[in-house]
Amino acid sequence: MRMHYDELAVPGVRALQPYQPGMPIAELERRYGIRNAIKLASNENPLGPGNLALAAARQALADCARYPEGGGYLLCARLATRHGVAPDTITLGNGSNDVLDMIARVFLGPGVEAVYSRHAFAVYPIAVQAVGATARIAPAHDGSRGPAYGHDLVAMRSLVGPDTRVVFIANPNNPTGTWLGSGELREFVTGLPDHVMVVIDEAYFEYVTQADYPDTTRWLADCPNLIVTRTFSKAYGLAGLRAGYAVSRPEVAQLLNRVRQPFNVNSIAQAAALAALDDVAHLESSVRLNQTGMQQLVSGFRRLGLSFIESVGNFIAVDTGGAAAECYERLLKQGVIVRPIANYGMPNHLRVTVGLQEENARFLAVLEQVLA
Ligand SMILES: Cc1ncc(COP(=O)(O)O)c(C=O)c1O
């Protein structure tokens, strides 16, 4: 008898498309028989990890026969000090994706709804759908009242109803790079009904230098339903180790901890994350490199007459002027991996991560050739 495994899966999973990661460099080199490929596709830190984090990771490796410290006591304590909150407000995740998934498992399920924006980070639809909840997707700004492609909080608010349990907001959003300022976001958060949790995903927090960009961990005192997520994958350069966290009220953290896998953040990641928090110099040079790299890409796009979405993250979405799939393939053949974002409803855009100066230059040169 042939098994129809799909029919055995729960309904949410049956219709799910898996998350599409960027193509690994080794895979591209093998596929096209090329060398020296560059990857500007997954919003990683092109400088890599700092030396302090690397040294701590190496040291922790020696003790890897032991289970990690389950709740991540030291890391939670350090993060609590950093955010001026109590350690029991921190929930560690195997990357912040893990925390987003825990939030969905705690607050969502069949019969209730989550609200997020069109073009929002791809893990929200996956997490929502996997637990059988209903997604209510707000149209993004069209450019008339806010940055085109950005979250439209008025449209999002209008989708919040009695069955809404979670609102996901990425600030800044990936792949658009658009962001929400303090006043507008706070008004939205404080105006939500009591039965709605609001998740503010600040994966790119450290990169943002805009004066009006809020650190919403500071709002927890008077926004009880807020959950802020952060990660060590981006500016801290530890994407491969998988460490992220949520800051919330302790009662909410307790709920998240009920579904958290006991040892979800491994000991090497915990040690590296702790050390990374002390490596201010590495963080500062990462942010500086991003700023100059972003300027380099933006002036390159202007020179090529390409429009782009202004971004405050470490990536930028550029309009290739037609279907981007072909441009993506041609870039691949020249050893440059970027990210097509048709699955985000943006078929003409490519998302490119800000790389090292020479990587950005190579990407721009190849892009010019490919579009000629
Ligand atoms: C907006 C946003 N949130 C969360 C994440 C998850 O990152 P991680 O699971 O590595 O912490 C990403 C990664 O690309 C992201 O872009």
Side-chain angles (χ1 to χ4, degrees), residues 18-24 39-46 48-49 53 72 75 79 90-104 114 116-128 140 149-151 166-180 185 198-208 213 216 227-247 256 260-261 264-266 268-270 272-273 276-277 286 290 309 311-317 337-341 343-344 346 349 351-354:
Y19 180 80
Q20 292 172 3
M23 180 181 288
K39 181 174 175 183
L40 303 174
S42 299
N43 303 346
E44 296 144 340
N45 182 339
L75 183 54
L79 287 168
I90 309 284
T91 309
L92 296 186
N94 190 255
S96 55
N97 279 341
D98 188 25
V99 183
L100 296 171
D101 202 52
M102 287 183 228
I103 294 168
Y116 53 85
S117 172
R118 187 161 150 74
H119 315 303
F121 180 48
V123 163
Y124 312 151
I126 295 176
V128 170
Y149 299 95
H151 288 16
V166 180
V167 176
F168 290 101
I169 292 176
N171 197 31
N173 183 44
N174 167 21
T176 58
T178 48
W179 62 288
L180 296 157
L185 186 54
V198 55
V199 179
I200 304 190
D201 174 346
E202 296 179 352
Y204 301 93
F205 177 87
E206 296 78 10
Y207 282 120
V208 187
Y213 176 71
T216 61
I227 307 176
V228 185
T229 61
R230 298 275 183 97
T231 185
F232 287 92
S233 298
K234 307 299 174 183
Y236 289 105
L238 300 176
L241 287 179
R242 315 302 299 128
Y245 60 98
V247 193
L256 297 178
R260 189 177 62 77
Q261 293 288 319
N264 63 336
V265 182
N266 71 69
I268 301 161
Q270 288 188 30
L277 288 169
S286 302
N290 189 59
I309 306 171
S311 167
V312 296
N314 68 337
F315 56 88
I316 181 163
I337 313 172
V338 295
R339 187 73 76 95
I341 47 176
N343 58 329
Y344 282 92
M346 301 170 70
H349 285 82
R351 190 196 69 197
V352 54
T353 304
V354 177

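Start at 1 and go down the list; that is how both ligands and their atoms are numbered. Count residues from 1 along the sequence.
- A donor-acceptor pair under 3.5 Å is absent between the side-chain atoms of Ser311 and the main chain of Ile316, judged by distance alone.
- Tyr116 has its ring centre no less than 6.0 Å from the ring centre of His151.
- Using a 4.0 Å cutoff on heavy atoms, Ser96 counts as a contact of ligand 1.
- Nearest residue to atom 2 (C) of ligand 1 from Asp201, Thr231, Asp101 is Asp201 (criterion: closest heavy atom).
- Thr178 approaches Gly150 most closely through the heavy-atom pair OG1-CA, 3.4 Å.
- Contact check for Arg351 versus Leu40: no side-chain heavy atoms found under the 4.5 Å cut-off.
- Ring geometry, Tyr19 versus Phe121: the interplanar angle exceeds 60°, so the pair is classed perpendicular (tilted spans 30 to 60°).
- Aromatic ring centres of Phe315 and Tyr204 lie closer together than 6.0 Å.
- Annotation: atom 12 (C) of ligand 1 to nearest protein heavy atom, Phe121 CZ, 3.3 Å.
- Within ligand 1, the atoms closer than 4.0 Å to a non-hydrogen atom of Arg242 are 8 (P), 9 (O), 10 (O), numbered from 1 in the order shown.
- Looking only at heavy atoms of the protein, atom 6 (C) of ligand 1 is closest to Asn97 OD1, 3.2 Å.
- With ligand atoms numbered from 1 in the order given, ligand 1 contributes 8 (P), 10 (O), 11 (O) to contacts under 4.0 Å with heavy atoms of Ser233.
- At a 4.0 Å cut-off, at least one heavy atom of Tyr204 sits close enough to ligand 1 to count as contact.
- Nearest protein neighbour of atom 14 (O) of ligand 1, counting heavy atoms only, is Lys234 NZ, 2.9 Å.
- Taking every non-hydrogen atom of Asn174 and a distance limit under 4.0 Å, the qualifying atoms of ligand 1 come out as 1 (C), 14 (O), 15 (C), 16 (O).
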*Derivation and outcome, ring pair (Phe, Tyr, Trp, His ring centres under 6.0 Å), residues Tyr149 and His349*: CA-CA 12 Å; Tyr149 299 95; His349 285 82; 5.2 Å; yes
